[in-house]
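First up is the structure itself, then whatever we jot down about it.
The structure displayed is predicted, hence computed values, not measured ones. For reference, positions follow the sequence shown, starting with 1.
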Amino acid sequence: MNFEILYAPIGVPTFHLESAQREFDKSRELLRQIDKNVLLPDEMLLDIDKLNVFLNGKNPDLVIVQNVTFANGAYMAQVLRSFNCPVLLWTLREPENNGGRLCLNSLTGAFSAGNMLKSFGRNFEYVLGSPNEDSVKKKISSVISAAKLKKALAQLNVLQIGHTPQGFGFGRALDSEMMSAFGTNLISIESRELIDIAKSYNEADIESYINDAKKRINNLDEIDRNNVSDFARLYKAYDEYVKNNNIGALSSRCWPDFFTAFGTPVCAVLSILNDLGISSACEADTYGALSMYMAQYLTKKAVFFGDPVSVNENENSLTFWHCGMAPCSLAREDSGACAGVHCNRKIGPTLEFGCREEEKVTIFRVGKKADGGFRFFISSGKALDKPQQFFGTSIVVKTNGNVVDLVTKAVKEGWEPHFAVAMGDICDELEMLAGMLGIEVEKF
């Protein structure tokens with residue numbers, strides 16, 4: 001994905017230009033360190049004509065507007081007239097002085113720029129600080145990550161396989177809503193289409209898929225041989241459809257169809273796809289899959305997907321669980337990812353394990369409000385060193401906030417019963433993405 005950042009250092013030449021030049025040079029160096037795809041001017045843009053010359057012919061995905069000195073609102077107006085992309089407004093600190101000359105007056109310029117942004121109805125991110133401050137580097141890096149994700153969403157194909165079961169309609173997506181809110185393309189097929197493709201394969205067709213699965217899943221040989229073969233058929237069918245149609249995330253119907261119409265669950269297939277970088281949710285929860293994709297994009301790691309099932313007030317923890325699906329890479333080292341049979345249907349292979357410890361995790365969900373609008377659930381914590389909690393897969397999260405308050409508020413506010421648990425702290429990036437998309441955020 002091509003992604004370009006434009007740095008616009010604006011100001012006027014009536015302030016202390018030696019101080020401004022030093023900050024400009026340090027800012028250019030910082031931005032080069034953060035991302036190589038930054039369009040940098042050779043000089044400060046100290047009048048509207050120079051700004052327009054620099055903006056002309058460019059099509060950035062993110063604009064960083066920095067007041068190297070004061071600049072009136074007309075400068076930001078020119079930026080907004082030229083581009084419709086996320087904006088980061090950067091204010092430099094005023095150098096310390098002893099009652100002498102005001103050197104930069106960057107902050108007053110920021111107020112002028114912020115006023116213009118709001119007049120245009122544009123959301124934007126903001127950072128105050130000098131280029132040598134760690135907090136500034138972190139903020140700029142996070143904004144860039146969020147803007148890259150926004151662009152990736154606009155290029156994403158999400159596959160919706162089958163319909164949600166009775167009572168699970170919260171996960172069902174409409175192509176128009178997916179496109180208008182996230183820019184994402186939704187492809188919908190029936191589960192029987194992939195089942196029919198899977199049935200067409202012979203043993204030679206699936207040999208490599210069985211061998212691959214055995215490298216990822218322990219005890220697969222203990223599962224009924226016919227079920228393992230049928231699992232491999234599904235694995236091949238899903239894998240080839242994903243590759244042939246450039247799918248980045250998917251949701252799949254699971255019960256009862258794959259037990260009744262095919263005789264083998266799809267749990268292990270979805271688990272492996274997650275480890276292959278294809279964010280995959282079960283129970284046909286398409287907004288769950290979208291949540292997983294966002295989390296996986298930001299962390300570059302596979303994501304747990306499950307139900308909140310158990311609260312432990314003594315350790316302030318919340319257990320997330322699912323009945324047989326989770327990325328093998330999340331399994332504890334002492335057990336690994338083990339094969340089993342479904343706790344209700346007694347058919348395998350499913351995945352059976354507890355997830356490993358993780359110092360920082362983010363609990364996330366793309367949810368829908370009663371009026372049809374979207375909202376983000378964002379919370380954080382630590383994944384504890386806990387063995388498998390129930391049949392299936394589980395992860396135990398010690399939340400940073402009070403767990404009972406979190407659960408009570410989430411239930412009373414009508415949040416969906418599926419959540420993504422990301423391996424890392426991506427709260428800031430998700431909140432920035434929500435701002436770029438104009439989506440409400442609820443932090444817990």
Side-chain angles (χ1 to χ4, degrees), residues 165 167-171 254-255 267 271 274 281-283 285 287-289 291-292 294-295 299 301-327 330-332 334-335 340 342-344 350-370 375-427 430-431 440-444:
F168 285 70
F170 58 82
C254 45
W255 60 268
C267 309
S271 301
N274 276 302
C282 48
E283 294 178 319
D285 183 354
Y287 291 118
S291 306
M292 296 174 75
M294 294 179 185
T299 62
K301 298 177 182 178
V303 177
F304 189 90
F305 175 75
D307 309 340
V309 296
S310 179
V311 172
N312 185 325
E313 292 96 326
N314 292 329
E315 62 184 18
N316 199 56
S317 70
L318 177 60
T319 298
F320 293 88
W321 162 92
H322 234 287
C323 52
M325 195 280 285
L330 300 186
R332 291 166 54 91
D334 59 358
S335 65
H342 193 270
C343 52
N344 294 331
T350 58
L351 270 292
E352 303 288 325
F353 60 82
C355 289
R356 56 179 167 77
E357 183 179 20
E358 188 75 27
E359 189 62 33
K360 294 182 179 180
V361 300
T362 302
I363 305 167
F364 176 59
R365 170 80 200 187
V366 176
K368 295 197 75 176
K369 299 183 288 185
R375 58 182 178 171
F376 282 6
F377 179 110
I378 303 175
S379 187
S380 60
K382 172 183 179 178
L384 300 179
D385 182 18
K386 295 283 185 178
Q388 181 180 5
Q389 300 292 289
F390 309 98
F391 292 131
T393 55
S394 59
I395 186 169
V396 182
V397 177
K398 181 178 182 180
T399 59
N400 288 337
N402 182 278
V403 69
V404 174
D405 290 346
L406 182 156
V407 168
T408 301
K409 183 181 178 183
V411 170
K412 292 187 71 173
E413 293 186 358
W415 281 94
E416 296 86 342
H418 287 161
F419 292 87
V421 181
M423 304 301 115
D425 182 357
I426 52 173
C427 295
L430 290 170
E431 190 169 3
E440 176 184 317
V441 170
E442 293 189 25
K443 299 182 74 172
F444 291 78

Original post:
How are the rings of F377 and F444 set relative to one another: parallel (under 30°), tilted (30 to 60°) or perpendicular (over 60°)?
Top reply: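 Parallel.
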
What pairs with [X] under salt bridge (charged side-chain N to carboxylate O under 4.0 Å, His left out), at least two apart in sequence or on another chain?
X: K369; value: E440
X: D405; value: none
X: E358; value: K301, R356

Write down the atom of [X], the atom of [Y], and the distance for their closest heavy-atom approach.
X: V397; Y: G381; value: CG1-CA, 4.2 Å
X: F320; Y: G306; value: CD2-O, 4.1 Å
X: C355; Y: F304; value: SG-CD1, 3.6 Å
X: K368; Y: E416; value: N-OE2, 2.9 Å
X: E431; Y: I378; value: N-CD1, 3.8 Å
X: P327; Y: V303; value: CG-O, 3.4 Å

How long is the gap from [atom1] on [X] to [atom2] on [Y], to the nearest 0.5 Å?
X: L318; Y: F419; atom1: CG; atom2: CZ; answer: 8.5 Å
X: S380; Y: K398; atom1: OG; atom2: NZ; answer: 12.5 Å
X: L430; Y: F376; atom1: CG; atom2: CZ; answer: 6.5 Å
X: E313; Y: N402; atom1: CD; atom2: CG; answer: 9.0 Å
X: L330; Y: T393; atom1: CG; atom2: OG1; answer: 9.0 Å
X: C343; Y: E352; atom1: SG; atom2: CD; answer: 7.5 Å

Subject >> Flag if over 12 foreign heavy atoms under 6.0 Å of CZ, F391 >> reply: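 Counting other residues, nucleotides and ligands, CZ of F391 stays at 12 neighbours or fewer.
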
So do [Y] and [X] actually touch side chain to side chain, heavy atoms under 4.5 Å?
X: S310; Y: F390; answer: yes
X: N344; Y: C323; answer: no
X: E283; Y: W255; answer: yes
X: V396; Y: N312; answer: no
X: D285; Y: M292; answer: no

Any donor-acceptor pair under 3.5 Å linking the side chain of [X] with the backbone of [Y]?
X: S394; Y: Q389; value: yes
X: S291; Y: V366; value: yes
X: S271; Y: M325; value: no
X: W415; Y: V407; value: no
X: S335; Y: F353; value: no
X: N316; Y: G401; value: yes

**OP:** State whether E357 and K382 are salt-bridged, where the test is any N-O pair (Lys NZ or Arg NE/NH1/NH2 against Asp/Glu carboxylate O) under 4.0 Å.
**Re:**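 Salt bridge between E357 and K382, a charged N being under 4.0 Å from a carboxylate O: yes.
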
**OP:** Verify side-chain contact (heavy atoms from CB on, under 4.5 Å) between R332 and D385, making sure each step is shown before the conclusion.
**Re:** CA-CA 8 Å; R332 291 166 54 91; D385 182 18; 2.4 Å; yes

Original post:
Does the ring pair (Phe, Tyr, Trp, His ring centres under 6.0 Å) test come out yes or no for H418 and Y287, once each step is laid out?
Top reply: CA-CA 9 Å; H418 287 161; Y287 291 118; over 10 Å; no

